[in-house]
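In what follows, every heavy atom counts, from backbone to side chain, and hydrogens, waters and symmetry copies are set aside. Just so it is clear, the model here is predicted, and its values are computed rather than measured.
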Amino acid sequence: MDRKTGKTEADVAGGRSVERADARPQVIIPRELTVKQFADVLGASSIEVIKYLMRRGYMVSINQLIDYDMASAVAGDLGLEAKPEKIKSEEKHQKQRYEEDVAAQVPRPPVITIMGHVDHGKTKLLDAIRKTNVVDTEAGNITQHIGAYQVDLRGQKITFLDTPGHQAFTAMRARGARATDIAVLVVAADDGIMPQTIEAISHARAAEVPIVVAINKIDKPEANPERVKQQLAEHGLLVEAWGGDIIAIPVSAKLGENIQELLENLLVVAEVQELKADPTRPAAGVVIEARLDSSKGPLATVLVQTGTLKIGEVIVMGDTWGRVKAMFDDKGRRVKKAEPSMPVAVLGVNSVPRAGDVFKVMSDEKEARILARENELEREKAGAARATRLTTVYAQIQTGQVRELNIVLKTDVQGSLEPIRTSLERLGSEAAKVRLVHAGSGNITENDVMLAIASHGIIIGFNTRIEPGAKLLAESEGVDIRNYQVIYNLVDDVEKALAGLLEPTFADVVEGHAEVRAIFAVKQGKIAGSYVTDGKLTRGDKARVIRRNQVMHDSTIASLRHFKENVKEIGTGFECGIGIDGFADFEIGDIIEAYRKEKVA
Ligand code: GDP
């Protein structure tokens with residue numbers, strides 16, 4: 001800090017300090033900030049700040065969030081007077097939240113995402129659409145991959161998001177972005193509805209996005225479009241020909257057949273939705289993809305959802321900001337402005353934002369900086385506070401925060417889906433309904449967690465396993481995953497939760513895994529000669545023996561040996577002999593999963 005002027009780095013971080021003759025210098029501190037940001041505010045080094053925090057008994061790392069109380073105590077130790085930052089920026093944001101002028105609204109092109117099972121032709125269809133409707137035939141205008149493109153059908157535009165699949169779609173939605181107006185569900189006519197088709201249907205439904213079906217590969221001799229329609233009906237999508245309202249168009253992405261008809265139908269569905277935006281206001285929208293270009297710097301493709309984005313404007317994208325230096329359309333041409341539903345690659349932000357980040361134009365750089373930093377703090381707090389947990393859902397219903405309990409259900413086998421689904425759907429009350437946003441068999445995956453985040457729901461597993469990536473994501477986002485072995489307990493817990501009677505429960509926290517590599521007989525039974533692949537195992541831990549994704553046995557680690565010695569604990573990369581309480585039927589290749597029960601608040 002420059003003690004003469006009283007100015008600090010605070011201006012960079014949004015804080016400010018003022019020196020007065022009659023008192024200690026003041027330093028303005030936000031409600032929450034990271035250690036690094038606090039150091040910036042003080043104009044001190046992070047190490048110095050960490051030392052002061054340690055003296056106060058706070059053990060923190062450089063990127064850890066500290067609150068106002070901790071920061072002001074340290075400021076005091078440094079002879080400064082702390083003042084909380086006023087949330088004045090919020091008032092200003094009110095002004096920044098330009099009202100949408102209904103009178104100025106005009107129709108905008110629909111934005112489409114293509115979903116479906118792997119290999120059913122999503123990429124091929126996106127290519128076919130791009131080819132059949134090249135807006136511009138000028139030589140040299142090769143389409144650029146910017147993450148989205150627009151086609152023109154007799155003067156009407158349609159925007160396609162170029163990252164097919166419901167994963168990208170739901171990942172964006174989990175960040176709070178809604179970019180898609182219509183989902184095209186691609187189903188290969190020779191293959192029919194497959195697991196990811198069903199997943200895609202669930203994801204589109206959870207987002208309340210209308211579905212148009214493209215029955216693809218009709219050029220193949222073994223194509224059977226009628227069977228696809230039958231299967232669609234079984235999943236609640238009744239096609240128009242059969243009296244429903246689902247448009248299903250048979251296409252061949254390979255031969256470019258019926259693509260035109262598909263586009264026409266997308267325009268019909270769009271018209272029903274009356275998609276409109278006000279092009280006169282400052283732009284806002286969502287980041288579709290972003291990367292660091294080795295020569296140009298951070299390059300972000302945004303979808304303008306309302307307003308018009310222009311060169312030179314100050315823009316915030318998630319936790320980064322900048323001034324729009326240049327914009328490129330999907331043909332790589334420089335453009336000066338982008339209107340609603342138009343995707344453009346933008347140059348000028350300071351760092352690479354994330355897909356799904358919301359962007360908006362601000363009136364000045366200072367405001368942009370403040371908002372970007374607030375978004376950063378918001379993100380660090382993560383979704384934990386927003387997440388729904390089974391134990392808290394009753395309170396959320398009472399306060400009107402939630403009207404339905406959204407559940408993603410995963411079971412070990414297909415056969416257990418229906419009975420559980422039926423029992424759960426019966427449980428809803430007037431105050432809150434139970435809604436199964438997705439039900440399927442198999443492991444709990446990252447996708448399931450994304451869907452739960454996006455729909456503020458919980459995940460219920462029945463005799464199923466949680467994939468490591470899913471577990472990490474769920475932990476960081478505070479998504480409640482519950483696994484049951486008995487249907488009665490599962491249904492009972494949901495029922496109790498809805499009635500506010502659910503006691504805090506215990507969740508499984510996995511400690512580590514070991515792979516069985518040899519089996520020895522001892523007096524007491526069998527010992528599994530194993531190799532610890534991750535984490536650690538502790539004698540007395542609860543443990544499951546897993547074989548081909550099935551839990552064979554669930555009890556405790558009765559004995560643990562390293563060479564000839566009994567050990568209390570063993571870590572990754574070591575070999576050991578494991579005895580499991582009440583279990584002797586080990587097979588080579590079995591996985592021993594050590595876990596403990598932890599109380600869930
Ligand atoms: P994605 O995984 O859904 O993106 O599927 P792709 O677009 O990569 O297509 C998978 C395979 O199906 C590729 O070999 C395509 O050439 C083929 N394919 C896609 N559409 C058609 C079609 O309409 N007819 C035929 N015969 N093959 C197709």
Side-chain angles (χ1 to χ4, degrees), residues 108-166 168-169 179-191 197 200 211-221 223 225 228 247-271 275 288-289 291 299 301-304 327-335 338-339 341-345:
R108 64 167 178 85
V111 181
I112 318 287
T113 295
I114 297 198
M115 299 183 186
H117 194 73
V118 64
D119 277 347
H120 278 199
K122 298 181 291 292
T123 313
K124 197 94 182 157
L125 184 61
L126 276 162
D127 288 346
I129 293 168
R130 207 188 316 233
K131 267 190 224 133
T132 49
N133 288 73
V134 184
V135 184
D136 202 310
T137 48
E138 274 174 55
N141 273 338
I142 316 154
T143 46
Q144 302 273 315
H145 175 86
I146 63 165
Y149 65 82
Q150 268 188 331
V151 295
D152 197 302
L153 189 70
R154 291 190 289 277
Q156 282 185 282
K157 290 198 174 84
I158 308 176
T159 304
F160 284 87
L161 298 186
D162 212 353
T163 322
H166 53 271
F169 170 84
T180 302
D181 300 309
I182 303 167
V184 169
L185 181 71
V186 178
V187 187
D190 58 338
D191 206 18
T197 320
I211 295 173
V212 168
V213 181
I215 303 179
N216 191 30
K217 306 198 187 182
I218 50 158
D219 58 283
K220 284 190 145 186
V228 173
I247 297 176
I249 313 289
V251 299
S252 167
K254 188 181 169 190
L255 306 180
E257 220 166 273
N258 261 355
I259 304 298
Q260 206 79 2
E261 196 182 342
L262 174 66
L263 298 182
E264 261 154 32
N265 277 282
L266 290 175
L267 285 175
V268 171
V269 176
E271 209 172 296
L275 306 168
I288 294 165
E289 66 170 49
R291 64 189 168 85
L299 188 66
T301 297
V302 301
L303 176 72
V304 177
M327 292 196 281
F328 305 89
D329 69 5
D330 52 1
K331 317 242 165 12
R333 295 176 298 206
R334 278 178 184 268
V335 290
E339 295 189 323
S341 294
M342 178 167 168
V344 274

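- Within the 4.5 Å cutoff, no side-chain heavy atoms of Leu255 are placed close to those of Ile218.
- Although no hydrogens or angles enter the test, the distance criterion places a donor-acceptor pair under 3.5 Å between the side chain of Thr159 and the main chain of Ser341.
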Inset, instruction - Give the C-alpha distance, both sets of side-chain angles, the deciding distance and a yes or no for side-chain contact (heavy atoms from CB on, under 4.5 Å) between Met342 and Asp329. - result: CA-CA 8 Å; Met342 178 167 168; Asp329 69 5; 4.1 Å; yes
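- The two residues Phe160 and Val151 have their closest heavy-atom pair at CE1-CG2, 3.9 Å.
- Nearest heavy-atom pair across Lys157 and Leu267 is O-CD2, 4.2 Å.
- Each of Glu339, Gln150, Gln156 was evaluated against Pro109; a single residue qualifies, Gln150, per the side-chain contact (heavy atoms from CB on, under 4.5 Å) test.
- The shortest side-chain heavy-atom distance between Leu125 and Val184 falls under the 4.5 Å cut-off.
- Taking every heavy atom of both residues into account, Lys254 and Lys124 meet most closely at CA-CE, 4.0 Å.
- Side-chain contact check for Phe169 versus Leu161: every heavy-atom pair is 4.5 Å or farther apart.
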Inset, instruction - Verify side chain to side chain donor-acceptor pair (under 3.5 Å) between His120 and Asp191, making sure each step is shown before the conclusion. - result: CA-CA 8 Å; His120 278 199; Asp191 206 18; 2.9 Å; yes
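- A 4.5 Å side-chain heavy-atom check between Ile129 and Ile114 finds at least one atom pair inside the cut-off.
- Remark: the backbone N or O of Gly116 is paired with a side-chain donor or acceptor of Lys122 at under 3.5 angstrom.
- For the side-chain contact (heavy atoms from CB on, under 4.5 Å) criterion with Glu261, the lone passing option out of Ile259, Leu263, Asn265 is Asn265.
- The two atoms that bring Ala214 and Val251 nearest to each other are CB-CG2, 4.1 Å, heavy atoms only.
- Taking CD1 of Ile288 as the start and OG1 of Thr301 as the end, the distance is 6.5 Å to the nearest 0.5 Å.
- The closest side-chain heavy-atom distance from Phe328 to Arg333 is not below 4.5 Å.
- Under a 3.5 Å cut-off, the side chain of Asn258 and the backbone N or O of Ile249 do not form any donor-acceptor pair.
- Judged purely by atom type and a 3.5 angstrom limit, Asn216 has no side-chain atom pairing as donor or acceptor with the backbone of Ala188.
- Taking each heavy atom of Ala248 and Ile215 in turn, the nearest pair found is CB-CD1, 4.2 Å.
- Contact between Ala270 and Ile182 at its shortest, heavy atoms only, is N-CD1, 3.9 Å.
- Checked by atom type, the side-chain pair His145/Asp162 shows a donor-acceptor distance below 3.5 Å.
- Side-chain atoms of Asp330 do not come within 3.5 Å of backbone N or O of Pro343 as any donor-acceptor pair.
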